[in-house]
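Please read all numbers here as calculations on a predicted model, not as lab measurements.
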Amino acid sequence: MKNSEELYDLSPEQLEIANEGKYLPGNYKREANAFLRTCMGAQMYEKVMSADVGRRHPYVAARLFLSEDDWRKYVWIEQYGSLDGYPL
């Protein structure tokens, strides 16, 4: 796990996975962050999101804390609003 100062050093290009290796934010941020909260646990989520970088760039926290499979699900939810239709 990285500390909050290290979060600033990551760029979307370093976060990979989504569309041809690029992170493409979607319209369903609230739904994606609800998934992130479930995966991280409420206490950790609140701690991370209370930091300035967490509030401004929740995808950075998602990439750091989620497994590869859950990261893909996070990106899917951000694009489509739920895991409906998620490829198995």
Side-chain angles (χ1 to χ4, degrees):
M1 180 183 324
K2 298 185 183 285
N3 65 40
S4 60
E5 289 80 31
E6 291 174 303
L7 295 179
Y8 285 107
D9 296 333
L10 297 175
S11 67
E13 292 79 24
Q14 291 171 298
L15 297 174
E16 298 183 357
I17 309 170
N19 187 349
E20 298 179 12
K22 301 286 183 186
Y23 165 77
L24 301 173
N27 296 324
Y28 297 99
K29 291 183 186 344
R30 183 178 301 168
E31 292 83 351
N33 288 336
F35 175 78
L36 177 60
R37 181 185 178 117
T38 299
C39 292
M40 290 176 71
Q43 186 176 10
M44 180 59 75
Y45 179 86
E46 294 302 325
K47 183 177 181 178
V48 170
M49 293 306 165
S50 68
D52 185 48
V53 70
R55 285 189 304 275
R56 290 187 308 154
H57 306 291
Y59 62 87
V60 173
R63 187 63 186 118
L64 291 173
F65 284 92
L66 296 177
S67 68
E68 194 73 22
D69 186 50
D70 285 343
W71 166 250
R72 291 176 189 270
K73 290 175 182 176
Y74 174 87
V75 173
W76 180 274
I77 293 169
E78 202 174 46
Q79 293 293 317
Y80 301 104
S82 73
L83 287 173
D84 293 345
Y86 182 75
L88 298 176

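Side-chain contact between K29 and E78 is present, with heavy atoms from C-beta onward closer than 4.5 Å. A 4.5 Å side-chain heavy-atom check between E68 and K73 finds every atom pair outside the cut-off. Using a 4.5 Å cut-off on side-chain heavy atoms (C-beta onward), D70 and F35 make contact. For the pair P58/M49, a side-chain contact is recorded, criterion being any heavy-atom separation below 4.5 Å from C-beta on.
In the hydrophobic cluster analysis, where Ile, Leu, Val, Met, Phe, Trp and Tyr join through side-chain heavy atoms closer than 4.5 angstrom, V75 is grouped together with L83. One hydrophobic cluster holds both Y45 and L64 under the rule that ILVMFWY side chains link at heavy-atom gaps under 4.5 Å.
Under the side chain to side chain contact (heavy atoms under 4.5 Å, CB included) criterion, N27 pairs with no residue, sequence neighbours left out. Under the rule for a side-chain hydrogen bond (donor to acceptor under 3.5 Å, both in side chains), the partners of E46 that lie at least two apart in sequence or sit in another chain are R37. Contacts of S50 classified as side chain to side chain contact (heavy atoms under 4.5 Å, CB included), with partners at least two apart in sequence or in another chain: none. By the side chain to side chain contact (heavy atoms under 4.5 Å, CB included) test, A62 pairs with L36, L66, W71, Y74, sequence neighbours left out. The salt bridge (Lys or Arg N to Asp or Glu O under 4.0 Å) check on D84 picks up nothing, with sequence neighbours excluded. Checked against side chain to side chain contact (heavy atoms under 4.5 Å, CB included), Y80 has the following partners two or more places apart in sequence or in another chain: W76.
Closest heavy-atom contact between M40 and V48: CE-CG2, 3.7 Å.
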